[in-house]
Asks: 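I have a structure I would like to understand better, so I am pasting it below and will then ask my questions one at a time.
Just so it is clear: chains get the letters A, B, ... in the order the sequence lines come, proteins before strands, and each one is counted from 1.
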Amino acid sequence: MQAKNQAVWQEGLNDAQLSAVTTRLPYALVLAGAGSGKTRVLIARMLYLLSERGYGPAQVLALTFTNKAAGEMRHRLSAVFPWANHVWMGTFHGIAHRLLRLHAREADLPDSFTVIDSEDQQRLCKRILREHEIDEKVLSSKTLAYLIGREKDQGRRAHDVAQAYGELPWLPLYEAYEQQCQVSGLVDFGELLLRSYELLLKHPALLAHYQGRFREILVDEFQDTNRLQYQWLKLLAGEGCGLFVVGDDDQSIYGWRGAEVANIRDFTETCVPCDIVRLEQNYRSTQTILSAANAVIAHNQGRMGKDLWSAQGEGEKVGHYAAINEFDEARYIVQGIRRWQETGGALADVAVLYRSNHQSRVLEQVLTREGIPYKVTGGMRFFERAEVKDALAYTRLLLNPQDDAAFARVINTPTRGLGEKSLAKIALLAQQQHLSLLEATSWMVEKGGFSGKALQGASTFVALFKQWQALRSGDVALLMEAIIKESGLWDFYGQDGLTGEGRQENLTELVNAASQYQVDEDAAEALAITDPLLLFLAQTALDAGDKGDTERDLAQLMTIHAAKGLEFAWVAVTGLEEGIFPLSRALEDADGLSEERRLMYVAMTRAKQSLLLTSCSMRRFHGAESLMQVSRFVQEIPTELIQSIGAYQRSAVSAYSQSSDRSLEPAASVQPNSDVPFPKGSKVIHARFGEGLVVAVDGLGEDGRVQVRFCDATRWLLLSVAKLERWQGE
DNA sequence: CTTTTATCGGTTTTT
DNA sequence: CCGATAAAAG
């Protein structure tokens with residue numbers, strides 16, 4: 001049996017991977033380059049510990065950053081190891097959540113505490129700003145939520161910040177926020193970690209219990225840990241527990257969210273003896289793609305150092321198309337995708353990546369027009385949709401009447417005549433009598449605190465909750481359905497026409513989800529929850545609810561952040577322009593450019609076979625057309641690795657190009673040959689614009705385009721699109 | 001209190 | 001240019 005397991009975990013590992021998997025040092029840092037098989041190493045390590053070193057399933061803890069990664073790990077482990085579901089595996093937040101559920105009392109939380117997301121957090125901040133009569137122009141709720149979040153990432157509460165930096169003007173707001181959450185039984189994402197950290201710190205017996213339990217903790221994507229997560233990790237590990245962390249400093253792209261690459265260096269210095277293993281063989285991309293990516297990332301300072309190599313041969317050159325504008329850019333990408341399909345490639349192997357979400361708009365337009373089916377990943381997630389959150393807020397309030405945030409969300413959704421004024425009255429009473437908003441409303445209904453429309457609305461609202469209380473312990477799906485229908489949400493969204501229909505669909509989907517979540521006994525056990533309604537809410541809190549629909553053959557559109565960890569045979573990275581990528585606002589930070597470059601590195605290393613970079617010389621910004629310069633990242637790729645299609649662009653850039661020999665000759669000087677059907681100076685006829693004179697040529701053959709001066713204007717035309725004919729005029 | 005009109009601002013987002 | 005909020009009219 002041992003021999004069989006050994007065969008399983010060893011299978012197909014290279015020397016570096018094997019040495020990482022079998023290290024006997026208590027601490028190990030695996031610097032795993034993109035596509036170097038890091039998930040495989042993590043799985044193998046777990047199997048090795050379980051089968052070779054005699055660790056029990058309860059003695060191992062595996063931490064990831066995404067539910068997806070945790071799910072994949074669990075899936076792959078359970079394929080070879082039958083007790084996989086006894087291993088604690090989850091996201092940092094998921095495990096912290098579990099600790100808080102198990103020890104809610106010790107953590108000073110009500111059993112029914114609710115996890116709130118960033119939007120709820122921001123709404124709460126908005127309310128606090130209003131209560132403190134602070135204009136959002138002075139300090140926006142967004143900024144406040146961000147500031148609080150960042151401090152929690154550092155492990156600092158309001159009083160800690162005051163001690164460290166003195167009284168900052170927004171600290172009373174942070175304090176009010178903490179208080180509000182405590183009273184309402186709310187826990188935000190940062191709080192999950194901070195509270196569970198304090199839980200362990202304040203209860204030595206509990207800490208001793210967990211430190212005695214775990215013999216090794218494995219961490220995926222270690223470069224993304226923030227200070228608090230790192231402290232949390234070290235506290236939980238204590239003296240006797242091994243730490244096996246896997247990461248890549250070059251792929252740290254969440255610095256803006258508190259991730260500290262410095263944790264990697266600190267780990268090697270404070271956790272000794274530490275085995276450092278580099279995984280540099282890449283099993284994903286061609287050597288050309290890797291060399292290009294290596295060249296770009298080499299411009300960053302202070303790296304751990306790592307050079308990826310591939311055994312897959314050189315492959316084709318990296319393409320760079322300098323488009324006229326974003327429509328031309330999208331059109332060229334479509335052309336590339338078509339060609340990929342013609343060679344037998346599947347659409348599911350195609351990814352179009354961009355720096356910011358809004359860039360998907362034009363791409364979607366053109367892809368739709370050209371009939372290429374696609375899927376946009378990211379953007380609005382299921383459990384973030386307004387209608388879904390509305391329905392869940394009713395549920396939250398039913399479960400926990402103290403939840404003022406939930407109350408504020410639904411009291412007038414759908415509209416029932418309780419606007420700003422009524423809400424202020426309720427809030428005042430609540431504050432004076434130390435009641436929750438719901439209790440205050442109930443009191444006012446009985447004692448005649450409302451009049452007319454408001455009374456009508458408030459009493460139906462209060463009555464609804466009494467009614468639902470009876471369904472409270474029954475079937476969650478039935479309850480959800482009752483809530484959605486009887487609250488009026490269903491009809492409310494039904495009025496919205498076409499968009500309303502979609503919203504109603506989502507509400508139906510929510511009812512389905514409710515019936516599915518109830519069956520998950522593993523989750524119930526893990527979170528030590530018996531109340532089915534509470535279990536449902538706890539489950540949805542940390543879950544985006546996206547269903548990966550991979551069954552259909554669709555091209556994938558997503559931000560580079562969303563693409564991390566994924567791979568595609570054919571990849572286009574768009575908007576490679578100064579100001580877009582690197583993003584101008586990101587450059588304000590000291591480390592901003594480095595992080596943008598790491599993002600570029602991540603983008604490039606997604607590609608297995610074919611990598612196309614595109615840039616526009618003109619882009620519609622906030623309404624106005626602006627001239628763009630090609631991104632410095634394109635310039636950082638050695639000329640011999642790149643095939644420029646919009647050649648004239650490259651010489652026009654210059655501002656960031658270090659050496660002039662890199663820029664190509666202007667395309668106008670390209671000699672006429674069979675690849676250039678309309679050389680400069682030739683006369684052409686266009687079906688719509690009429691007669692014209694070619695004033696510039698760019699690119700070759702089907703990829704090419706020409707600039708033609710017609711009688712009314714001068715236009716760039718794609719040869720693949722425009723039907724030009726030679727005009728043998730006099 | 002709700003609907004319309006003006007003004008403003010505009011990254012990335014695993015949890 | 002678009003979408004999200006804030007004052008002004010219904």
Asks: What orientation do A:Phe267 and A:Tyr230 show, parallel under 30°, tilted 30 to 60°, or perpendicular over 60°?
Replies: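 Tilted, since the angle between the ring planes falls between 30° and 60°.
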Asks: What integer distance in Å separates A:Gln359:CD from B:dT12:P?
Replies: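 Those two atoms, CD and P, are 9 Å apart.
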Asks: Base, sugar-phosphate, or nothing: which does A:Thr415 touch, judged by heavy atoms less than 4.0 Å apart?
Replies: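 Contact class for A:Thr415: sugar-phosphate only.
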Asks: Compare the minimum distances between each of B:dT15, C:dC1, B:dT11 and the side chain of A:Arg355, then state the nucleotide with the smallest one.
Replies: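 Nucleotide nearest to A:Arg355's side chain: B:dT11.
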Asks: Rounded to whole Å, how long is the line connecting atom NE2 of A:His561 with atom P of B:dT15?
Replies: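 Those two atoms, NE2 and P, are 14 Å apart.
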Asks: Treating A:Asp328 as the side-chain partner and A:Cys616 as the backbone partner, does any N or O pair qualify as donor plus acceptor under 3.5 Å?
Replies: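 Judged by distance alone, no pair lies under 3.5 Å.
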Asks: Which base, if any, makes a Watson-Crick or G-U wobble pair with B:dT3, both distances under 3.5 Å?
Replies: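 Because both required distances fall under 3.5 Å, B:dT3 counts as paired with C:dA8.
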Asks: Ignoring backbone atoms, test whether A:Asn357 places a side-chain nitrogen or oxygen under 4.0 Å from the OP1 or OP2 oxygen of B:dT13.
Replies: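 So the side chain of A:Asn357 is within the cut-off, an N or O lying under 4.0 Å from OP1 or OP2 of B:dT13.
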Asks: Answer with base, sugar-phosphate or nothing: what part of the nucleic acid does A:Leu542 contact at a heavy-atom distance below 4.0 Å?
Replies: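 If one applies the 4.0 Å heavy-atom cut-off, A:Leu542 turns out to touch the sugar-phosphate alone, with no base involved.
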Asks: Can you tell me how far C1' of B:dT15 sits from CG of A:Leu192, to the nearest Å?
Replies: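 Interatomic distance, CG of A:Leu192 to C1' of B:dT15: 8 Å.
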Asks: Indicate the ring-plane relationship of A:Phe633 and A:Phe581, choosing parallel, tilted or perpendicular according to the 30° and 60° boundaries.
Replies: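 Perpendicular: the ring planes of A:Phe633 and A:Phe581 meet at over 60°.
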Asks: Are the side chain of A:His132 and the backbone of A:Leu173 linked by a donor-acceptor contact shorter than 3.5 Å?
Replies: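 Side chain of A:His132 to backbone of A:Leu173, a donor-acceptor pair under 3.5 Å: no, none is there.
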Asks: Ring stacking, A:Trp256 with base of B:dT12, under 5.5 Å and under 30°?
Replies: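 Yes; by the centre-distance and plane-angle rule, A:Trp256 counts as stacking on B:dT12.
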Asks: Would you mind reading off the distance between A:Arg619 atom CZ and C:dC1 atom P, rounded to a whole angstrom?
Replies: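 Taking atom P of C:dC1 as the reference, CZ of A:Arg619 is at 16 Å.
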Asks: For A:Tyr354 and B:dT11, what is the distance between atoms OH and P respectively, to the nearest whole Å?
Replies: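 So the OH-P distance, A:Tyr354 to B:dT11, works out to 15 Å.
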Asks: If we take the P atom in both B:dT12 and C:dT5, what is their distance in whole Å?
Replies: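 Rounded to whole Å, the distance is 16 Å.
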Asks: Please state whether the phosphate of B:dT13, meaning OP1 or OP2, lies under 4.0 angstrom from any side-chain nitrogen or oxygen of A:Thr559.
Replies: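 Yes.
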Asks: I need the CG-C1' distance between A:Leu418 and B:dT2, as an integer number of Å.
Replies: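 Answer to the nearest Å: 13 Å.
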Asks: On DNA chain B, check which nucleotide each of A:Glu595 and A:Glu420 is closest to and give me the residue with the more 5' one.
Replies: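 On the 5' side of the pair lies A:Glu420.
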Asks: Would you please say whether a donor-acceptor pair under 3.5 Å links the side chains of A:Arg597 and A:Tyr601?
Replies: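 Note: A:Arg597 and A:Tyr601 side chains miss the donor-acceptor criterion.
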Asks: Between B:dT7 atom P and A:Asp135 atom CG, what is the distance in whole Å?
Replies: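 The answer, rounded to whole Å, is 17 Å.
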Asks: Going by modelled atom types, is there a donor-acceptor pair between the base of B:dT11 and the side chain of A:Arg585 at under 3.5 Å?
Replies: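 Per atom types, no contact qualifies.
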Asks: Give A:Lys421 one of three labels, base, sugar-phosphate or nothing, depending on what nucleic acid heavy atoms sit under 4.0 Å from its own.
Replies: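 It contacts sugar-phosphate atoms only.
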Asks: With sugar-phosphate meaning primed atoms plus P, OP1 and OP2, does A:Lys126 contact a base, only sugar-phosphate, or nothing at under 4.0 Å between heavy atoms?
Replies: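 Since only primed, P, OP1 and OP2 atoms lie under 4.0 Å of A:Lys126, the category is sugar-phosphate.
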Asks: If you compare every side-chain N and O of A:Asn412 against the phosphate oxygens of B:dT2 (OP1, OP2), does one of them come in below 4.0 Å?
Replies: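 Checking A:Asn412 against B:dT2: at least one side-chain N or O falls below 4.0 Å of OP1 or OP2.
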Asks: Map A:Lys453 and A:Glu221 onto DNA chain B by nearest heavy atom, then report which one ends up closer to the 5' terminus.
Replies: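 Closest to the 5' end, via its nearest nucleotide, is A:Lys453.
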Asks: Using whole Å, what does the distance between atom P of nucleotide B:dT12 and atom OH of A:Tyr601 come to?
Replies: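 So the two atoms are 24 Å apart, to the nearest Å.
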Asks: Between atom CD of A:Glu191 and atom SG of A:Cys181, what is the distance when rounded to the nearest 0.5 Å?
Replies: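 Here the rounded value is 7.0 Å.
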Asks: Considering every strand and a 4.0 Å limit on heavy-atom distances, what is the contact class for A:Tyr254: base, sugar-phosphate, or nothing?
Replies: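 Base contact - A:Tyr254 has a heavy atom under 4.0 Å of at least one base atom.
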